[in-house]
Amino acid sequence: MAEFFPNIPKVTYKPGAKEPFCYKHYDPKKKVLGKTMAEHLRIAICFWHTFCWQGSDPFGLDTMKRPWLTNSDPMKLAFDRVDAGFEFIEKLGVPFFAFHNVDVAPEGKNLKENNDNLSRVAEKIAEKMQKTGIELLWGTTNLTGHPRYMSGAATNPDPAVFAYAAAQVKHTLDVTHQLGGHNYVLWGGREGYETLLNTDLKKESDQMGRFLSMLADYKHKIGYKGALLIEPKPREPSKHQYDYDVSTVYAFLQHYGLEKEYKMNIEGNHATLAGHTFTHEVAYAYAMDIFGSIDINEGDLMLGWDTDQFPIDRAQMTHLLYIMLQNGGFTSGGFNFDAKVRRQSIDLEDLFHAHISGIDTMAQALVQAEKLLAESQLKDFVKKRYSGWDKGFGKEVLEGKSDLEKIAKHALKENLNPKPKSGRQEYLERILKEGC
Ligand code: XUL
Ligand code: CO
């Protein structure tokens, strides 16, 4: 078996070292609040950006030549890619990977050949998992790339496309199940539309509701215990995407009675494209009890599209981990690096620099978030700010023991004249920033 990264050593924790291929902060065994860093962060490497993409963008061709993508036999190429993937992940020393069907197996002549190709590559993946102990965070089906999906998959005007998508999703879920995948993800990049002149929005919504209901039924039928996750994104590639953000997806799920079946896979850059902070999306998902997993990346303030950059903003990451620690962190999910190197970072070693930097950013943020929790200034401030709701009149309102008339009477009787109180944002921001 060829070695694809012969010049890169195994990346380990070496604080203070000057060499680039080591972690300065990520110590997988270090305990933080009773769990190791590895258990908290549950880091996954994605196949699509890291082992498939070679630098093309809408204006230019590939800039990178990956040595595992050279064999002219598509199945042999697929096997090489699995070798490269597992070598890379082992060298980084992280526990998980994630894939789309099309990232690992070539398109066949027909649906059956597509499925067979995926099953054959999955056998090799299973062997690699067995040998290395690396686990599958999640599998997913690409329902955006092939022209058959140009008008959507589940939301396509043509039921035959719906059926094709259903068959592909069923098969990828079967494979994910066989590989012991912790989650199955759905991201609907073409589940949306360009113009209402050619679109029956209500019908498409009902179609998607049926699709997701049938998938949940099937999951139970086969005894798959992983979580089904939906990944929101407001636009790109579609102009309007139905899964705009966490709250839109939650409303959709409730409408179709599916809010107990699906959780969210939240991506940093998707949150900002929807006009939210990353932390907002995550906090809202926890609040509604639909938090699942995270695609970790960052956007670019200057650009209005999904740039999928590796995370380097420690203050934002600290805030994110601070919220996650307060809510119990991950259960089935993890931090999947849905991030890609820049198009000019063409060397194999750039893949390592990018991931090491991102992982260290998260490790630093985790430690800082633990400190923030222990010092409790932020938590105490918020608790005090809402303390009126924990007792007396406020508590009665929340417990449903009051009504509008009663409240109005109370306000008059007590001659209420509440005085504004400072939100202290700058003081709190300084606490977050200290030590970041
Ligand atoms: C697209 C995106 C996808 C999903 C999986 O923006 O994030 O890679 O994570 O289909
Ligand atoms: Co993603």
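We use all heavy atoms of the structure for the numbers below, so side chains are in, but hydrogens, waters and symmetry mates are not. Atoms within each ligand, like the ligands themselves, are counted from 1 in listed order.
Nearest to atom 10 (O) of ligand 1 among the protein's heavy atoms is His100 NE2, 2.7 Å.
Residues His40 and Phe330 place their aromatic rings such that the two centres sit no closer than 6.0 Å.
Ligand 1 has at least one atom lying under 4.0 Å from a heavy atom of Asp295. Heavy atoms of His270 approach ligand 1 to within less than 4.0 angstrom.
Within Asp295, the N, O or S atom at minimum distance from the Co ion (ligand 2) carries the name OD2. The N, O or S atom of Glu231 lying closest to the Co ion (ligand 2) is OE2.
Here Lys202 pairs with Asp206 in a salt bridge; the nearest charged N to carboxylate O distance falls below 4.0 Å. Under the 4.0 Å criterion applied to side-chain N and carboxylate O atoms, Asp83 and Lys128 are assigned as salt-bridge partners.
Partner of Val367 under the side chain to side chain contact (heavy atoms under 4.5 Å, CB included) criterion, chosen from Met362, Met37, His25: Met37. Checked against Leu366 for a side chain to side chain contact (heavy atoms under 4.5 Å, CB included), the options Thr318, Leu321, Leu33, Leu320 give a single hit: Leu321.
Rounded to 10°, the angle formed at the Co ion (ligand 2) by OE1 of Glu267 and OD2 of Asp338 is 90°.
Less than 4.0 angstrom separates some heavy atom of Glu231 from each of these atoms of ligand 1: 2 (C), 3 (C), 4 (C), 5 (C), 7 (O), 9 (O). Near Asp306, meaning under 4.0 Å from any of its heavy atoms, are these atoms of ligand 1: 6 (O). Residue Lys233 has at least one heavy-atom neighbour below 4.0 Å for each of these atoms of ligand 1: 6 (O).
Looking at Asp360, its side chain does come within 3.5 Å of a backbone N or O of Lys24 through a donor-acceptor pair.
By the 3.5 Å distance cut-off applied to N or O atoms, Thr140 is not counted among the residues near ligand 1. Considering backbone and side-chain N/O of Trp187, none are found under 3.5 Å from N/O of ligand 1.
Using bins of under 30°, 30° to 60° and over 60° for the plane-to-plane angle, the ring pair Phe99/Phe97 lands in the parallel bin.
Judged by distance alone, the side chains of Asp295 and Asn265 do bring a donor and an acceptor atom under 3.5 Å apart.
By the criterion of a heavy-atom distance under 4.0 Å, neither the backbone nor the side chain of Val185 is placed next to ligand 1.
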